[in-house]
Amino acid sequence: MSTDYVLGNDQEELDRLKLQHELWQNELIRLWGFSNIKNSKKILDLGCGPGFTSVDILKYANNCELTSVDISENFLNYVNFQVKQVNKDSKIKTFKSYIEDLNLEEKSFDTAFCRWLMIFVQDPMKAIGQIHKHLKPGAEFIIQEYISYDSMDLVPNYKMMKPVVDAIFKSWKDQGGDPNRGKHLPAYLEKSGFKVKLIEPIAKCARHTDPLWQWPESFYKSFLPRLQKNNYLTEKQVADFFQEWEASKSDKGAFFVAPTVINIIAEKL
């Protein structure tokens, strides 16, 4: 199996993920406030990427031992670099693995967390089963995930968003993912020995003057050329999309509709 990210793991993607994390950080901390993560002693950060969430977990949870898991060795190296810059005494381990194949020596974690991971997992039931094995009874699994990626739009009348969303769907589906995986996660969790305690939607929109606008803009500039290179979009489609995107900034009635996200907290029975 390749350990290349669907979205890449180069410097451009690192910068985009940092921006994304900063723009969604308040929603992350708010979700954690509904959970027991603050008092957890042993925490799993799954699909940690370059570790922006790992750093936040170490700040948020008091004296926790953190294990951060990802498939990218480059990103795991960056996790360790980041953490040591913040606090060289932080208790962190990194582990390279697909979630479906997770097999850590430690099997009594208090909390597991992932964000925008399950959309890329090829076998979510297997992945959830492996996570379940690593949690002690009563432990929580906290998830932020897309539930309706195709709700993403540029309105009121911009036609090029649909072929872009369709291309993103196809590219992720072709690699075994599902951009709307959040629709199925509560059922998967209940079937895998969890009790779902919280389901909550997050719907956002932004005008071009809002900070959140930078989130989709950075994604399109990074990912659409990849879609074109891999023949999911034509050169003309990409050019037409960016022409509309720029035009919308002069349209006082235009705004971006973000893909709907779902918050989930589940407890291991």
Side-chain angles (χ1 to χ4, degrees), residues 4-9 13 16-17 19-21 23-25 27-28 31 46-47 49 53 99 113-125 127-128 142-189 196 198-208 210 212-233 237-238 240-242 244-245 248 254-264:
D4 289 338
Y5 270 33
V6 173
L7 302 180
N9 58 5
E13 179 62 5
R16 188 191 72 80
L17 289 172
L19 173 65
Q20 174 178 268
H21 178 76
L23 292 169
W24 280 83
Q25 191 174 39
E27 290 291 351
L28 183 69
L31 172 59
L46 301 165
T53 54
I99 305 306
F113 169 77
C114 70
R115 177 175 63 175
W116 297 320
L117 168 66
M118 289 296 176
I119 51 173
F120 300 115
V121 170
Q122 295 186 12
D123 190 340
M125 281 292 289
I128 292 170
I142 307 167
I143 304 171
Q144 269 187 341
E145 194 52 270
Y146 293 122
I147 187 173
S148 181
Y149 198 86
D150 40 1
S151 63
M152 183 165 62
D153 206 352
L154 184 62
V155 297
N157 297 305
Y158 293 92
K159 65 180 181 179
M160 288 308 300
M161 182 62 79
K162 187 178 187 310
V164 165
V165 173
D166 289 347
I168 294 169
F169 257 76
K170 181 166 174 49
S171 70
W172 291 358
K173 288 271 192 181
D174 285 351
Q175 298 195 49
D178 181 355
N180 287 346
R181 179 73 36 81
K183 292 181 179 181
H184 308 285
L185 290 177
Y188 291 163
L189 288 160
V196 175
L198 172 74
I199 300 176
E200 177 189 63
I202 306 175
K204 289 180 176 286
C205 58
R207 303 172 76 177
H208 84 276
D210 298 331
L212 187 68
W213 183 273
Q214 300 172 61
W215 177 52
E217 185 165 76
S218 65
F219 172 69
Y220 299 140
K221 288 181 177 178
S222 171
F223 194 50
L224 266 57
R226 297 178 191 270
L227 291 175
Q228 180 184 328
K229 180 180 178 181
N230 292 303
N231 299 315
Y232 288 101
L233 289 170
Q237 284 176 315
V238 172
D240 288 348
F241 173 83
F242 282 117
E244 284 195 348
W245 185 257
S248 73
F255 60 97
F256 168 75
V257 181
T260 309
V261 171
I262 186 172
N263 284 337
I264 301 171

State, with a plain yes or no, whether a side-chain heavy atom of Trp213 is found less than 4.5 Å away from one of Ser248. yes

By salt bridge (Lys or Arg N to Asp or Glu O under 4.0 Å) - contacts of Asp153 (at least two apart): none

Separation of Asp166 CG from Met161 CE (nearest 0.5 Å): 11.5 Å

Interatomic spacing from CD in Gln214 to NZ in Lys221 - rounded to 0.5 Å: 10.0 Å

Test Ile202 against Leu31 for side-chain contact (heavy atoms from CB on, under 4.5 Å), laying out the working first. CA-CA 11 Å; Ile202 306 175; Leu31 172 59; over 6 Å; no

As an exercise, state the distance from OH of Tyr188 to CE of Met125, rounded to the nearest 0.5 Å. 7.5 Å

Report the residues that fulfil side chain to side chain contact (heavy atoms under 4.5 Å, CB included) with Ile147, sequence neighbours left out, ordered by chain and then residue number. Lys183, Thr260, Ile262

Partners passing side chain to side chain contact (heavy atoms under 4.5 Å, CB included) against Glu200 (at least two apart in sequence or in another chain): Arg30, Phe34, Leu198, Asn263

If the condition is salt bridge (Lys or Arg N to Asp or Glu O under 4.0 Å), which residues does Lys170 pass it with, not counting sequence neighbours? Asp174

With sequence neighbours excluded, residues passing side chain to side chain contact (heavy atoms under 4.5 Å, CB included) with Ser218: Arg16, Leu19

Answer yes if the ring centres of Phe242 and Tyr220 are under 6.0 angstrom apart, and no otherwise. no

Restricting to side-chain hydrogen bond (donor to acceptor under 3.5 Å, both in side chains), what partner residues turn up for His208, sequence neighbours left out? none

Is the shortest heavy-atom distance from the side chain of Trp172 to the side chain of Asp178 under 4.5 Å? no

Evaluate side-chain contact (heavy atoms from CB on, under 4.5 Å) for Leu212 paired with Arg207, printing each intermediate quantity in order. CA-CA 8 Å; Leu212 187 68; Arg207 303 172 76 177; over 6 Å; no

Listed by chain and number, what are the salt bridge (Lys or Arg N to Asp or Glu O under 4.0 Å) partners of Glu217, not counting sequence neighbours? Lys249

For the pair Asn230 (side chain) and Leu227 (backbone), establish whether a donor and an acceptor sit closer than 3.5 Å, ignoring hydrogens and angles. no

Rounded at 0.5 Å granularity, tell me how far CZ in Arg226 sits from CG in Leu233. 14.0 Å

Taking C-beta and beyond as the side chain, do Phe113 and Leu46 meet within less than 4.5 Å on heavy atoms? no

Run the ring pair (Phe, Tyr, Trp, His ring centres under 6.0 Å) test against Phe169 and tell me which residues pass, sequence neighbours left out. none

Return the minimal non-hydrogen interatomic distance between Ser151 and Pro259, and the atom names on each side. OG-CA, 3.4 Å

Under the rule for ring pair (Phe, Tyr, Trp, His ring centres under 6.0 Å), what residues qualify as partners of Tyr232, not counting sequence neighbours? none

Result for side chain to side chain donor-acceptor pair (under 3.5 Å) between Glu27 and one of Arg115, Lys204, Gln144 points to Lys204

Heavy-atom closest contact (Val121 atom, Ala127 atom, distance): CG1-CB, 3.8 Å

Note: Ala254 and Pro156 closest approach over all heavy atoms is CA-CD, 4.0 Å

Donor-acceptor check, side chain of Ser222 to backbone of Phe219, threshold 3.5 angstrom: yes or no? no

Sequence neighbours excluded, which residues qualify as side chain to side chain contact (heavy atoms under 4.5 Å, CB included) partners of Pro163? Met160, Gln237

So, taking the atom named CG in Asp210 and the one named SG in Cys205, what distance separates them when rounded to the nearest 0.5 Å? 8.0 Å

Is there a donor-acceptor pair closer than 3.5 Å between any side-chain N or O of Arg181 and the backbone N or O of Leu117? no

Answer yes or no: is there a side-chain heavy-atom contact under 4.5 Å between Pro186 and Ile264? yes

Set of ring pair (Phe, Tyr, Trp, His ring centres under 6.0 Å) partners for Tyr146, sequence neighbours left out: Trp116, Tyr149

Should Val165 and Lys162 count as side-chain neighbours, where that means a heavy-atom distance under 4.5 Å? no

With side chains defined as the heavy atoms from C-beta onward, is the minimum distance between Val257 and Leu154 less than 4.5 Å? no

With a 4.5 Å cut-off on side-chain heavy atoms, are Glu244 and Lys159 touching? yes

Might you work through the side-chain contact (heavy atoms from CB on, under 4.5 Å) test for Phe255 and Val155, ending with a clear yes or no? CA-CA 6 Å; Phe255 60 97; Val155 297; 3.3 Å; yes

Trp24 side chain near Trp215 side chain, heavy-atom distance below 4.5 Å: yes

Nearest 0.5 Å, what's the CD-CD1 distance between Gln122 and Ile99? 13.0 Å

Counterpart residues, salt bridge (Lys or Arg N to Asp or Glu O under 4.0 Å), relative to Asp150 (two or more places apart): none

